[in-house]
Amino acid sequence: MRREIPLGITIFVGFLAIISFFCPPIEGLGEDFTLFFDIIAVFAFFLGGGNLVRIHASKLIKHKADWAYSIVTLVGFFVMLAVGLFKIGNPGGISASLTAPGSLFSILYMNLHLPLGSTMYALLAFYVASASYRAFRAKNLEATVLLVAAFIILLGSTPFGQMLTFWMPDSLDLLEIPNLAVWIMSSPNLAGQRAIMIGIGLGVVSMSLRLILGIERTYLGEDRG
Amino acid sequence: MSRASIVVLVLVCVAFAASWVVRAGANEGDAAVRDAFLVTLAAFLTLAIFSFMYRDNPYYKFAEHLFVGVSAAYWMCMGFWSTIVGNLVPRISESLSDFFQVPYSGGGLDFGLFYFSYRYFYLIPIILGILLLMRLVPKAGWISRWPLAFIVGTFAGLNLVRYLQSDFIIQISASFVPLFVDWHGFGHFFSGLSLAANGQFVAMLSNLVVFLGVICGLIYFFFSKEHVGWFGGASRLGIWILMITFGASFGYTVMGRISLLVGRLTFLFGDWLGIIG
Amino acid sequence: MGNIGVILMLVLIGGGLLWLFIRALRGREVDRRVVFAFILVSVALPLLLTITFEMKPTPVVEALYDRIDSLPSGSRILISFDFDPPMAPEVQPMADVITRHVLAKGHKAIFMTLWATGQSQFNVTLQDVIRADFPEKVEGVDWVNLGYKAGNEGVLNVIRTDFKKMFPTDVNTIPWDSIPILRGIRSCSDFELVISVGGGKPGVKEWVLFVGDPTGVPTAGGVAAVVAPMLYPYYPRQMCGILGGIKAAAEYEDHFRKNYPVFSDMKTPALVMMGPQTVAHVVILAFIVIGNVLFFVARRKEVRR
Amino acid sequence: MKHKLKLILVLLLFIWGTAAAQSDTAPGDAAIAAPSIPPPAPVTNLQATDTDNDHGHAITLTWEKSTDDGAGANAVVAYDVWRWYPLEMDVVDSLRQDLAATRDAVRAFRIDLPRAERALEELQEDAAKLNTTRFRVAVPDVPGFTLTVDYALSKLADTIAYMRDNRPILMSRIKPEQQELAQALERLTQAHAAFPQNGEWRTIGKALAGATSFTNTGSKDQTSSDFFPDYSDLYYRVEAVTIDPAVRSEAVQVGPVQSKGQWFHTGKIPVVLFVVMFLVFTVTFVQLAKKGTDLYVRPLSGIEAVDDAIGRATEMGRPILYLLGIGVATEVNTIASFSILGRVAKRVAEFQTPIIVPCYDPIVMAVAQEVVKSSFLDAGRSDDYRQESVFFVTNYQFAYVAAVNGIMLRERPATNIYMGKFMAESLLLAETGTLAGSIQIAGTDEIAQIPFFIVSCDYTLIGEELYAASAYLGREPVLLGSLKAQDWAKAVIMVCALMGMVATALGWPAFAHFFQVTG
């Protein structure tokens, strides 16, 4: 029973969701299900938050490596949680938006969360460069194709692309770097994107069918087909 | 702690304090001291993250752990206020809506034949949420599979039809392109043959590339047929097309990543140091 | 003064790269921290020296510009701010210049956001563009901000057929029916154009799938560069214009500035950003070349052995 | 300054009197001008039908254009559409408004009464502190307008008393008003059937010249002001109007017509066909596989690498890091990753290598714990399972990356496996992994991120391969059967694309038209 009931639930709601797509009177069901998920996800935050606190508390108590930093995590977590849940320091009180300008919550967001997040994101600029340096090498034919496409697009997004090839006659102007970059984006790139998209569509459909038909049930903690 | 790291720590503290004092002097208004502290803190955290590029270090660890704690709580609070208070409460309870001062919306599912009020319908996610929390009870942990089964089932169904429609059927029909563009016979075709970007030949070439590219790309993804012979050749062409796609995608993305760095440096140079306007 | 700075910068970066190139010919790898340092310098220096370039619009960018420009003035255009502060450096300039163009042309702009954080980004545009350049435009008559609603694609599913159901009021809780600009708008199909500016999910793609496709209303978007290649399959059938990344934003800014001389001295954050962009791109290209030189040098050594 | 808030309440009182106010609108008397141009011809062949493929609550009118639609002095500029409304609709409307007003008032009282009481207290305290009531407080939003405290105090007290007295009365009114509204709604169908008694024609909209259709829709929500009743007899009229609004054709009438919801959306037939096709393929090949037919699948290098990578980790005595990405449990890519995790965890349990699974989403964490636990159970090593190996990090992309990057450099995993949904963090993770010297295997269906994985990982599963991976690793005939079905679907697409191209070349739009999905 422990395994049949969840499987039954999956199959039932799966087919219900498919039917709702074709049946106008219940077409809004998908929306409701999305909201259901969001609500369940908030309940799950108790699991997540509890897990986070437990892990860092145990690190702290057992004096594992870097235990001192766990204090930082716990303090940050509880301060932000208290400020947010009780809307401490919010000028508009309970009715104002959580992120109202001037509220303590938004000040913490703007000065802690935002710089940290943006900087982490900006690290990508450096990593993109080091990855290009290390990985774009003409080791074999595929790698060379990858390299050449990237090179042309990169060149095309600078004014130098224009400067290098402006002398091309009109009858050959496809070979001007900016035009070539646009052509690559709109022809081979489009074909590749489309092939992958259709493939992914197929994969998703096939995977969903496997789930709804009860063929794939690893997610229930079961490894038998 | 080594001697060098103590020296670094002292230097960082001095720099932090100096920045706070200098900014506070430059700012105006009631909150000058507070604002100076906040901008210094934001700059400190920015530099702490950047320091990771050199190597892992205590300042990065500090920033990382702070970030984990703050962000976990941030999204919990957002979830609570926007989902529970913003969407659940107005559907199920009038008095709770008044307590949180959100407008009660009520409503329900209207099937024409019968009407199902949200007041009862939206008890389902609450029950499922509570079942999920049963994981915390060791003996009843198995019951938490029910909500998981519900989530997976509903979205498998929804995704199935959505992907079929948007990523699949529409993409297929979009690849129905004419191979002969502006066709006036071979004479016309050969007399006007050129590599002009908006010419007839390039238009036809593009359509051919798109068509063959999609077909060969799909052939590359065939799992149950050996990639040999003409099939193998097509699959090889497919992988080239995919490589061009990835190369182009990579090259295009570099642009965006640089902008993000510009954004951060603008903060450091502008908001913090005040050397650019 | 500026020129000396530029020359010094070019000497510094070019000289450094040349040195690395010569080292590469001898088969010596470059440490990743050196790469990082070059990127930092090549972004920071042009930013401090404010180097800018001229831009020529690419067809997808021009398509959006022409679409906005060719609509009869007074058309109602929905603009959705679907991004957050970390993404802002790349897409905020697009949101700004599109808003400026829409208002300059005399269209009615209706703003909304699918991201909780998009609200604060709209406020930036409100300060920098609407209040600054169009003080005469009246809120509720020429533009209105409907604010944020939670629900991602769910929101789109609802407003596709019934806008008022999702947004009973605007952001200042003024009821829908008493806002003049919204009179006669029932669903998304009543707009002449829908533009989403964003870079994540939900974003432009969701607008196309959930609003543009089902209703047939012209849809366009401004996105972070990383998302742009994914949107090209939708152009021109499902989307009538795409701004991909800061380069497109710069092109739009330049094109708009040339056609609307009144705004010739407007702020052009995207154009300013193109300086660091260009130098950094060249540096990355140089590193790719150095990497390949290293690869071939190493291979030749192997062959000799 | 701080009196501002309190004074809002005083102002509330002034506004209060308008709570139940109703406004009457007198119909405008248009000046009757002598028609200077002859009236245009009426529309012909007017039809009213229930709008197709909807949930009801809409009627579509179609007609053939007036013969004067086009040019001439009496050219038609628009078509006016009228609908017959029984007076009962007005009754429903006013009852609805009453109920809404009562509800609003009750809510306002519930919120404002405590605020007013608090404000009164504070104002009194301030007065006591200053030991005088002879100061003035500013009224917000009205610059320069102030009130004496005495006056404000007395008004506040009045407000509070008024609220206290009226709240129970108002609350007791909600129930009966709801019942009354429900009854009126029930009478609507009858009232519509009584046409043409007890009702009148009202204009509901305009269609511009040249148009030949109009859709009258409304809300399905009974409490909404534009509620549109289903299963009721509705009557419509259409008039052609010239540039002079007084000059119009005679009205053409149509009715009765009823709106209702359809149980099937015919615009989505192509989707149904494809669903059925998939279903047939999958079931057929799964049955074949069950019977023992040998199904060939070509090797995928990324999949083969998984085993080696686990072996390598065991030799080095270092852990394996498995990331499910930043998807939530509703996304199919994350679900595919669960399956792969299940297979990987089973091997890991057999090899007795530690595994680390930091999670981005609490629900994903819950599922992952379940998956890993039962994999260990299956491998017969349930004692080795440690719950803290699958843990929650944080629900924000970049904080998650920051933490995982830290784990990579500090725990030094021998192998990193990335499967699922990855966004901008892909390169941040993969580059740090390279730096740490780990073998890396990635798989994602985020097209924009695949290039980053390709350049910095040792093996990458591209798009669709992610979904096939679990079938590959499981090696169960049933799952391989579904892969075969997927390939057949692919073949069908290629044939469709080929036929579509031929059809376009030959100028047959019907084929492409079939793939149009509406709604």
Side-chain angles (χ1 to χ4, degrees), chain A residues 18 21-28 34 37 40-41 44-49 51-52 55 58 65-66 95 113 116-117 120-121 123-124 127-128 130-132 134-136 146 150 193 196-200 202-211 213 215-216 218-225, chain D residues 53-56 261-265 268 272 275 278-279 282 286 328 330 332 335-336 338-339 342 346 362-363 365-367 370-371 373-375 378 388 391-392 395-396 398 401-402 424 427-428 431 445 447 452 455-456 462-464 466-468 470 474 476 478-479 482 485-486 489-490 493:
Chain A
I18 294 180
F21 180 78
F22 298 107
C23 180
I26 53 169
E27 66 190 353
T34 311
F37 170 72
I40 299 173
F45 278 145
F46 284 101
L47 286 181
N51 190 277
L52 179 92
I55 284 189
S58 91
D66 291 335
S95 62
H113 199 280
L116 285 166
M120 215 52 219
Y121 202 176
L123 280 188
L124 272 176
Y127 282 26
V128 153
S130 71
S132 329
R134 210 190 60 246
F136 280 147
L146 184 79
Q193 297 266 352
I196 300 172
M197 254 188 195
I198 294 176
I200 290 170
L202 270 170
V204 169
V205 170
S206 172
M207 185 82 192
S208 305
L209 261 184
R210 294 209 291 259
L211 291 167
L213 294 176
I215 297 172
E216 175 81 74
T218 329
Y219 68 97
L220 287 176
E222 221 182 324
D223 196 21
R224 275 167 294 274
Chain D
N53 294 330
D54 67 350
H55 58 263
Q262 277 73 40
W263 290 104
F264 181 72
H265 194 303
K268 290 174 177 169
V272 176
V275 171
F278 262 101
L279 210 61
T282 310
V286 166
V328 289
T330 62
V332 189
I335 299 173
F338 288 142
S339 305
K346 205 167 153 189
I363 296 184
M365 174 197 78
V367 181
E370 204 77 0
V371 167
K373 193 168 148 191
S374 53
S375 295
D378 277 343
E388 59 269 26
F391 55 93
F392 171 71
N395 216 344
Y396 182 61
F398 293 113
V401 180
L427 188 67
L428 289 171
E431 277 293 289
D445 65 347
I447 303 176
F452 298 116
V455 298
S456 24
I462 300 165
E464 195 182 356
L466 171 70
Y467 298 104
S470 74
E476 282 132 19
V478 189
L479 292 175
S482 77
Q486 214 167 312
K490 230 170 281 167
I493 294 165

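Keep in mind the model is a prediction, meaning the values are calculated, not measured. In what follows, every chain begins at residue 1, and chains take the letters A, B, ... in the order their sequences are listed.
- Between the CD atom of D:Glu431 and the CG atom of A:Leu123 there is a distance of 11.5 Å, given to the nearest 0.5 Å.
- Summarising the local packing, CZ of D:Phe391 is surrounded by more than 12 heavy atoms from other residues, nucleotides or ligands at distances under 6.0 Å.
- Most heavy-atom pairs under 4.5 Å with chain A, from the set D:Ala468, D:Ala485, D:Ala424: that is D:Ala424.
- Heavy-atom pairs under 4.5 Å with chain D peak, among A:Gly48, A:Ser206, A:Ser130, at A:Gly48.
- Between A:Leu47 atom CG and D:Met365 atom CE the span is 5.0 Å, to the nearest 0.5 Å.
- Counting all heavy atoms, side chain and backbone alike, D:Ala336 lies closest to A:Met207 at CA-CE, 3.5 Å.
- For a residue to count as touching a neighbouring chain, one of its non-hydrogen atoms must lie under 4.5 Å from one of that chain's; by this rule A:Phe136 touches chain D with the side chain only.
- Interface remark: D:Val272 contributes backbone and side-chain atoms alike to the contact with chain A (heavy atom separation under 4.5 Å).
- Looking at every heavy atom in both residues, A:Glu216 comes nearest to D:Ser470 through OE1-OG, 3.2 Å.
- In terms of modelled atom types and a separation under 3.5 Å, the side chain of D:Asp445 and the main chain of A:Ile200 share no donor-acceptor contact.
- The residue among A:Ile18, A:Val205, A:Ile198 with the most heavy atom pairs within less than 4.5 Å of chain D is A:Val205.
- For A:Val204, the parts lying near chain D are the backbone and the side chain together; criterion is any non-hydrogen pair under 4.5 Å.
- Residue contact with chain A, scored on non-hydrogen atoms closer than 4.5 Å, involves the backbone of D:Asp54 exclusively.
- If you measure heavy-atom distances from D:Thr282 to chain A, the contacts under 4.5 Å come from the side chain alone.
- A pairwise comparison of heavy atoms in D:Lys268 and A:Phe21 identifies NZ-O, 2.8 Å as the closest pair.
- With a 4.5 Å cut-off on non-hydrogen atoms, A:Leu124 touches chain D through its backbone and its side chain both.
- With chain A as partner, the option from D:Ser456, D:Ala402, D:Pro362 having the largest number of non-hydrogen pairs under 4.5 angstrom is D:Pro362.
- In this structure, chain A has a heavy atom under 4.5 Å from the side chain of D:Ile493, while its backbone stays farther away.
- Contacts between D:Lys373 and chain A at a heavy-atom distance below 4.5 Å are absent for every atom of the residue.
- Heavy atoms of D:Ile363 lying under 4.5 Å from chain A belong to its backbone as well as its side chain.
- Per-residue counts of heavy-atom pairs under 4.5 Å with chain D were compared for A:Gly199, A:Ser208, A:Ser132; the largest is that of A:Gly199.
- Only the side chain of A:Leu209 comes within less than 4.5 Å of a heavy atom of chain D; its backbone N, CA, C and O stay farther away.
- Summarising the geometry of D:Leu428 relative to A:Met120, their closest heavy-atom pair is CD1-O, 3.5 Å, with the distance given to 0.1 Å.
- Between the CG atom in D:Leu479 and the CZ atom in A:Arg210 there is a gap of 5.5 Å [rounded to 0.5 Å].
- The shortest side-chain heavy-atom distance between A:Leu52 and D:Phe392 falls under the 4.5 Å cut-off.
- Taking 4.5 Å as the limit, every side-chain heavy atom of D:Tyr467 sits out of range of all side-chain heavy atoms of A:Leu202.
- Options D:Thr330, D:Leu427, D:Val286, D:Val367 differ in how many heavy-atom pairs under 4.5 Å they form with chain A, and the most are formed by D:Leu427.
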